[in-house]
Number of protein chains: 2
Amino acid sequence: MGCQVPTLDKQQVTILAETFRLLGDPNRLRILMYCLPEPRAVGDIATHLELSQTLVSHHLRLLKGARLVRGERQAKHVFYELADEHVRDMLHDMVHHIAEEDAED
Amino acid sequence: MGCQVPTLDKQQVTILAETFRLLGDPNRLRILMYCLPEPRAVGDIATHLELSQTLVSHHLRLLKGARLVRGERQAKHVFYELADEHVRDMLHDMVHHIAEEDAED
DNA sequence: CAAATATATGAACAATTGTTCATATAATCA
DNA sequence: TGATTATATGAACAATTGTTCATATATTTG
């Protein structure tokens, strides 16, 4: 038999859901994916994804609040990157699973 | 160097985000988690999670639409279970990562 | 210092979404 | 068949959320 998923109580599930919710917006997810390979400046993200600077800032604030991302100031620029390896692995796993599901049609 | 996450285009990211969005609601996620160990009837889910039957049905319809869950009728009851092993693994991985992130505080 | 560049913040609005209520469909049993 | 149980559906509403606009803060450079 496979691994057991530990049972989470109502509150823990809500916390987990909160993370999923943040990943659930296309633009926010695109921002995360773009920051995956290397730290990116806000303006760079906005230009590359064709989003307004304001919108990118708002989204980054939410992602930062959930510790999915962290930003480091270098002179006039603030570079954002994934907060840690767990977030990176998490995205990797999800993309992997989604890709495999698509392939099975 | 670690594994590379394949670059997804705008549309693919949107599809991925759609899955995350569905997992982003606490009640929907609780329903999924409850169906993780074994197939569950709608009424059972509603009772156990203290949600209205209507609400559970609505959520199950969305989850089913995204192929996260599938239902099988047995007489008067419809039993829902996770659609496949990918969904199961996906949830497992996510819970795993979230749990580890919490533990690092 | 003022000007310029890069990012952040707050208010406001449109659109989406979770939930409820009322009701319909499906299946079983008397 | 009609009655009962289990689930599904549709409309309506309240609340949340993504986005924009205007403006503020921070950093560098003249």
Side-chain angles (χ1 to χ4, degrees), chain A residues 10-11 13-35 38-81 83, chain B residues 10-11 13-35 38-81 83:
Chain A
K10 191 172 171 178
Q11 199 195 355
V13 174
T14 300
I15 294 172
L16 178 58
E18 172 64 16
T19 302
F20 281 127
R21 217 204 70 225
L22 288 172
L23 301 176
D25 177 76
N27 286 335
R28 224 144 44 206
L29 190 53
R30 289 209 294 150
I31 291 172
L32 262 186
M33 301 286 287
Y34 185 59
C35 294
E38 55 181 337
R40 310 278 195 183
V42 179
D44 176 20
I45 300 172
T47 302
H48 188 260
L49 303 182
E50 296 183 275
L51 303 173
S52 74
Q53 176 266 313
T54 333
L55 182 55
V56 174
S57 269
H58 278 301
H59 282 316
L60 284 172
R61 189 154 65 102
L62 294 176
L63 294 172
K64 190 175 162 189
R67 303 248 225 77
L68 288 169
V69 116
R70 63 194 168 83
E72 191 183 349
R73 180 136 225 159
Q74 279 180 30
K76 280 191 281 194
H77 296 263
V78 178
F79 289 87
Y80 283 89
E81 64 183 324
Chain B
K10 191 172 173 178
Q11 199 194 357
V13 174
T14 300
I15 293 172
L16 178 58
E18 172 63 16
T19 301
F20 280 127
R21 218 204 68 225
L22 288 172
L23 301 176
D25 177 75
N27 286 335
R28 225 147 40 207
L29 190 54
R30 289 208 295 150
I31 292 172
L32 263 187
M33 301 287 286
Y34 185 59
C35 294
E38 54 182 338
R40 311 278 195 183
V42 180
D44 175 20
I45 300 172
T47 303
H48 188 261
L49 303 182
E50 299 183 272
L51 302 172
S52 73
Q53 176 266 311
T54 333
L55 183 54
V56 174
S57 269
H58 278 300
H59 282 316
L60 283 171
R61 190 155 62 102
L62 293 176
L63 293 172
K64 191 175 161 188
R67 304 251 223 76
L68 287 169
V69 116
R70 64 194 168 82
E72 189 183 351
R73 180 137 225 158
Q74 278 178 32
K76 279 190 284 195
H77 296 262
V78 178
F79 290 86
Y80 283 89
E81 64 183 325

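Remember, predicted model here, so these are calculated numbers, not experimental data. First the proteins, then the strands, lettered A, B, ... as listed; each starts at 1. Basis for what follows: all heavy atoms, side chains included, without hydrogens, waters or symmetry-related copies.
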Check: Within this structure, what is the CD1-to-P distance between B/Ile31 and C/dG18, rounded to whole angstrom?
Finding: 11 Å
Checklist line | Per B/Asn27 side chain, nearest of listed nucleotides C/dT28, C/dT9, C/dT19 | finding: C/dT19
Check: With sugar-phosphate meaning primed atoms plus P, OP1 and OP2, does A/Tyr80 contact a base, only sugar-phosphate, or nothing at under 4.0 Å between heavy atoms?
Finding: sugar-phosphate
Next item on the list: Please examine the side chains of B/Lys64 and B/Arg70, heavy atoms only from C-beta on, and report whether any two atoms are closer than 4.5 Å.
Entry: no
Notebook entry, point to check: Where the side chain of B/His59 is concerned, which of C/dA8, C/dT19, D/dT7 is the nearest nucleotide?
Noted result: C/dT19
Checklist line | Of B/Gln53 and B/Leu62, the one whose closest DNA chain C nucleotide lies more 5' | finding: B/Leu62
Next item on the list: Could you tell me the separation between the CG atom of A/Leu63 and the C1' atom of C/dA8, rounded to a whole number of Å?
Entry: 15 Å
Margin query: So A/Arg21 and B/Arg21, do their side chains get closer than 4.5 Å, heavy atoms only?
Written below: no
Notebook entry, point to check: Does the side chain of B/Arg28 reach to within under 4.5 Å of the side chain of B/Leu32, using non-hydrogen atoms?
Noted result: no
Notebook entry, point to check: Would you say a side-chain N or O of A/His77 is under 4.0 Å from OP1 or OP2 of C/dT7?
Noted result: yes
Check: Does B/Val42 or A/Lys76 map to a spot on DNA chain D nearer the 5' end, using the closest nucleotide for each?
Finding: B/Val42
Next item on the list: Determine yes or no for a side-chain-to-main-chain donor-acceptor pair under 3.5 angstrom, with A/Arg40 supplying the side chain and A/Ile45 the backbone.
Entry: no
Check: Is there a donor-acceptor contact under 3.5 Å linking the side chains of B/Glu18 and B/Thr14?
Finding: no
Check: Given D/dT20, is OP1 or OP2 found less than 4.0 Å from the side-chain N or O atoms of A/Thr54?
Finding: no
Next item on the list: Whole angstrom is fine here: how far is it from CZ in A/Phe79 over to P in C/dT7?
Entry: 8 Å
Checklist line | Interatomic distance, A/Arg21 CZ vs C/dT16 P [rounded to whole Å] | finding: 17 Å
Check: Which of these nucleotides, C/dT7, D/dT7, D/dT19, is closest to any side-chain atom of A/Leu55?
Finding: D/dT19
Next item on the list: Ignoring backbone atoms, establish whether A/Arg61 has a side-chain N or O less than 4.0 Å from OP1 or OP2 of C/dT9.
Entry: yes
Note to self: I need the CZ-P distance between B/Arg73 and D/dT7, as an integer number of Å.
What the structure shows: 8 Å
Check: Any idea which of C/dT28, C/dG18, C/dA8 is nearest the A/Val78 side chain?
Finding: C/dA8
Item checked: B/Leu49 and B/Val56, any side-chain heavy atoms less than 4.5 Å apart -> no
Notebook entry, point to check: Whole-Å distance between C/dG18 P and B/Leu29 CG?
Noted result: 13 Å
Note to self: Without decimals, in angstroms, what is the distance between A/Asp25 CG and C/dT16 P?
What the structure shows: 13 Å
Note to self: Could you check whether any side-chain N or O of B/Arg61 sits under 3.5 Å from a backbone N or O of B/Leu63, counting only pairs where one atom can act as donor and the other as acceptor?
What the structure shows: no
Notebook entry, point to check: Would you say A/Leu62 and A/Asp25 make side-chain contact, with heavy atoms under 4.5 Å?
Noted result: no
Checklist line | Divergence of helical axes at both termini of the helix from C/dC1-D/dG30 to C/dA30-D/dT1 - five pairs an end, 10° steps | finding: 10°
Margin query: Using a 4.0 Å heavy-atom cut-off, does B/His58 contact any base of the nucleic acid, only the sugar-phosphate backbone, or nothing at all?
Written below: base
Item checked: Distance, rounded to the nearest Å, where B/Leu22 contributes CG and C/dT16 contributes C1' -> 13 Å
Notebook entry, point to check: So, is A/Arg28 close to the D/dG18 phosphate, meaning a side-chain N or O under 4.0 Å from OP1 or OP2?
Noted result: yes
